[in-house]
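Starting from 1, each residue takes its place in the sequence as its number.
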Amino acid sequence: GSEMCIRDRTNVDQGSVEAAKSILIGIMGDMDPTLQAAVLPIVGEQGWNDATKSVRGLLASPNARVRYAAIDALGRLQDTASLEAVINVAIGGDAQDVAIRHAAAMFLSRAAKSGQIARLVDHENAGARLLAVIALRRQKSGAVAGFLADEDPRVVLEAARAIHDEPIEIAAVALADLIEQPTESDALVRRLLNANFRIGGAENAVAVANFSTRAEASEEMRIEALEMLSQWAEPGPLDRVLGDYRPLEKRDSKLASQAIGPQIDLLMAAPEKVRLKAIEVAAALGIKKIAGALVQQIGETGRTSEARGKALLALASLDPAVAVRLAEKIPADQTRGRLGLAKLSVMADHAAEKSIDQFISAISNDDTRIKQKAWDILALQKDAKSTAAITQAVDQYLDGQLDARVQLNVVEAARGKLTKDQQIRLKSYREKIASSDPLGKWLDSLSGGDADRGAALFMGRTAVSYTHLRAHETVVRSSYAD
């Protein structure tokens with residue numbers, strides 16, 4: 001009854017309130033921890049500062065619930081004088097109690113000013129310094145930057161999270177500058193890189209580019225640094241760490257290219273995943289300095305097909321004529337995988353007319369993706385040889401002799417290239433299949449199509465994934481209904 005009287009003062013006279021207050025404060029002297037833990041929140045919420053001394057005494061209670069409630073109440077009472085005592089409880093026997101630590105951090109954020117909290121930077125206990133960082137984060141105080149130089153990695157990471165995630169803009173530069181220091185925490189590195197990315201100046205681009213060359217850093221973070229440089233001029237609207245909507249203004253594209261240019265030689269000696277990303281980014285930024293290294297990598301048969309293929313595509317964006325000459329020299333036994341696909345793409349984009357014979361040769365390649373790519377390229381050509389190859393393949397399709405994995409490519413390539421007789425035969429054949437099989441319209445796509453693009457579409461487009469899920473649910477429900 002006393003608690004209800006205090007918390008709801010509507011239509012209650014002052015005398016009754018004071019009487020209830022006296023009773024509740026008296027209960028704090030009771031030996032029953034359940035009653036103490038129940039009264040302390042009321043004392044804090046009502047701001048009864050005349051009970052502060054009694055609340056302080058309960059910091060020494062043997063009951064953890066009471067100690068928690070006492071710390072919370074002192075924070076609400078803004079009792080700065082209890083700061084040292086609260087810290088001692090939180091880093092002493094209760095150091096492993098997450099509830100007590102939370103209450104202590106809340107106490108600091110409520111009862112102490114940022115300057116007082118910041119002085120804990122010199123506290124000998126890392127737990128106390130960690131509480132200070134959390135409290136400063138709640139206050140959104142730039143003083144949290146002082147903890148970025150802490151000797152304990154946990155404190156540094158928490159300070160970085162406070163500055164980056166809140167965000168605390170006034171401390172962003174201090175966070176960005178920390179990228180020059182070695183660290184093993186990817187969670188910290190992500191925020192250091194992103195701080196530089198978001199500030200977006202020339203020196204920040206240089207810092208990110210320099211980081212991408214650091215051998216001690218993880219490959220994932222080096223690739224992230226390179227990805228940031230590729231998006232420097234036009235940043236996406238979502239934060240790269242949190243995914244929150246934090247749009248940035250467009251920046252000068254020269255900042256990224258000028259930053260990464262001097263690092264090309266080091267990046268070409270990096271592990272393959274980093275090197276491939278560097279090639280992709282440098283080519284997209286139009287850095288011609290990389291061309292010599294690309295020529296060398298294309299010719300190194302010891303490298304993977306993917307590495308050589310990406311190098312060839314990158315070179316084509318910088319020097320198409322050289323890329324075509326190198327593509328033409330790639331022997332037939334190496335025209336497979338990513339390198340084979342890159343070869344066909346380069347020749348189709350920059351030397352299609354003189355490469356028809358090579359495209360026709362590629363439709364007999366052992367690699368299905370090469371064959372599909374060749375048919376797709378032939379579909380775009382208007383010469384007699386390409387048309388003849390397509391019409392011949394259509395005849396094989398109608399006779400049931402065409403490789404099922406390229407049927408879809410051939411049927412699509414045939415549009416606008418068949419004689420009237422072939423058009424009639426093809427239409428009749430497909431209508432027959434459709435009438436005899438409910439899935440007849442789509443049978444050509446069962447073995448054909450581009451698996452990589454399909455996976456990217458399914459995994460990258462939420463609407464497609466959702467449609468597939470709903471269709472699956474419908475099938476399952478129908479099965480149960482039957």
Completion exercise
In terms of heavy-atom contacts, S114 and S141 come closest through CB-OG, 3.4 Å

Practice task
Quick one: pull up NZ in K310 and CD1 in I279 and give me the separation to the nearest 0.5 Å.
Solution key: 8.5 Å

Practice task
Ignoring hydrogens and angles, state whether a donor on the side chain of R101 or Q96 is under 3.5 Å from an acceptor on the partner side chain.
Solution key: no

Practice task
Verify, without hydrogens or angle tests, whether N204 (side chain) and A176 (backbone) share a donor-acceptor contact under 3.5 angstrom.
Solution key: no

Completion exercise
G337 and D367 have their tightest heavy-atom pair at N-OD2, 2.8 Å

Handout entry: D165 and R191 ion-paired at < 4.0 Å
Key = yes

Exercise for the section: Could you tell me whether E220 and R190 have a side-chain N and a carboxylate O separated by less than 4.0 Å? Expected result: yes

Exercise for the section: Check the side chains of T80 and K113 for a donor-acceptor pair under 3.5 angstrom, ignoring hydrogens and angles. Expected result: no

Problem - Flag, side chain of S185 to backbone of L188, donor-acceptor distance under 3.5 Å - result: yes

Practice task
Check each of N125, D150, V155, D152 against L130 using the side-chain contact (heavy atoms from CB on, under 4.5 Å) test, and report the only one that passes.
Solution key: V155

Problem - Side chain proximity check, H102 to I134, heavy atoms < 4.5 angstrom - result: no

Completion exercise
d(L313 CG, R338 CZ) to nearest 0.5 Å is 10.0 Å

Handout entry: Flag side-chain contact, heavy atom, 4.5 Å: L193 against R240
Key = no

Problem - Closest non-hydrogen atom pair between L40 and A73, with its separation - result: O-CB, 3.6 Å

Exercise for the section: Please determine if K288 and D319 form a salt bridge, counting it only when a charged side-chain N lies under 4.0 Å from a carboxylate O. Expected result: no

Exercise for the section: Answer yes or no: are there more than 12 heavy-atom neighbours, outside R56 itself, under 6.0 Å from its atom CZ? Expected result: yes

Problem - Side-chain heavy atoms of D32 within contact of I27, under 4.5 Å - result: no

Handout entry: Side chains of Q46 and R76, donor plus acceptor under 3.5 Å
Key = no

Practice task
Could you give me the CA-CA distance, side-chain angles and deciding distance for R246 and D239, then say whether salt bridge (charged side-chain N to carboxylate O under 4.0 Å, His left out) is met?
Solution key: CA-CA 6 Å; R246 294 182 180 180; D239 183 82; 3.8 Å; yes

Practice task
Find the distance between CZ (F147) and CG (L136) and round it off to the nearest 0.5 Å.
Solution key: 5.5 Å

Exercise for the section: Could you go through the side-chain contact (heavy atoms from CB on, under 4.5 Å) check for I330 and L312 one step at a time? Expected result: CA-CA 11 Å; I330 296 174; L312 182 59; 4.0 Å; yes

Problem - Side-chain ion pair, E166 and K140, N-O less than 4.0 Å - result: yes

Handout entry: Electrostatic pair R110:D72 at N-O distance under 4.0 angstrom
Key = yes

Handout entry: Nearest-0.5 Å distance that lies between atom NZ in K277 and atom CD in E219
Key = 13.5 Å

Handout entry: Presence of salt bridge, R303 and E272, under 4.0 angstrom
Key = no

Exercise for the section: Please indicate whether L242 has more than 12 foreign heavy atoms, meaning atoms of other residues, nucleotides or ligands, lying under 6.0 Å from its CG. Expected result: yes

Handout entry: Any donor-acceptor pair under 3.5 Å from D79 side chain to L74 backbone
Key = no

Exercise for the section: Find out whether V144 and R137 are in side-chain contact, i.e. whether some heavy atom of one side chain is under 4.5 Å from a heavy atom of the other. Expected result: no

Problem - pair R336-K343: side-chain heavy atoms closer than 4.5 Å - result: no

Problem - Donor-acceptor contact present, side-chain Q372 to main-chain R405, <3.5 Å - result: yes

Practice task
Measure the shortest side-chain to side-chain distance between D94 and Y68 over non-hydrogen atoms and say whether it is less than 4.5 angstrom.
Solution key: no

Handout entry: Side-chain donor/acceptor of N196 to backbone N/O of L192, under 3.5 Å
Key = yes

Practice task
Answer yes or no: are there more than 12 heavy-atom neighbours, outside D244 itself, under 6.0 Å from its atom CG?
Solution key: yes

Handout entry: Distance-only polar pair, side chains of R65 and Q36, donor-acceptor under 3.5 Å
Key = no

Handout entry: salt_bridge(D252, K254) N-O dist < 4.0 Å
Key = no

Problem - Stepwise salt bridge (charged side-chain N to carboxylate O under 4.0 Å, His left out) check, E300 with R308 - result: CA-CA 8 Å; E300 293 178 354; R308 296 174 69 195; over 6 Å; no

Problem - Test item: S22 side-chain N/O and A19 main-chain N/O as donor-acceptor pair under 3.5 Å - result: no

Problem - Side chain proximity check, S253 to W232, heavy atoms < 4.5 angstrom - result: no

Handout entry: Results of side-chain hydrogen bond (donor to acceptor under 3.5 Å, both in side chains) for E216 - residues two or more places apart only
Key = R214

Handout entry: Cationic N near anionic O, under 4.0 Å, D50 to K21
Key = yes

Handout entry: Between CG on residue L339 and OG1 on residue T301, distance to nearest 0.5 Å
Key = 10.5 Å

Problem - Min side-chain heavy-atom separation L58-R67 under 4.5 Å - result: no

Handout entry: Nearest-0.5 Å distance, OG of residue S212 to CG of residue L266
Key = 8.5 Å

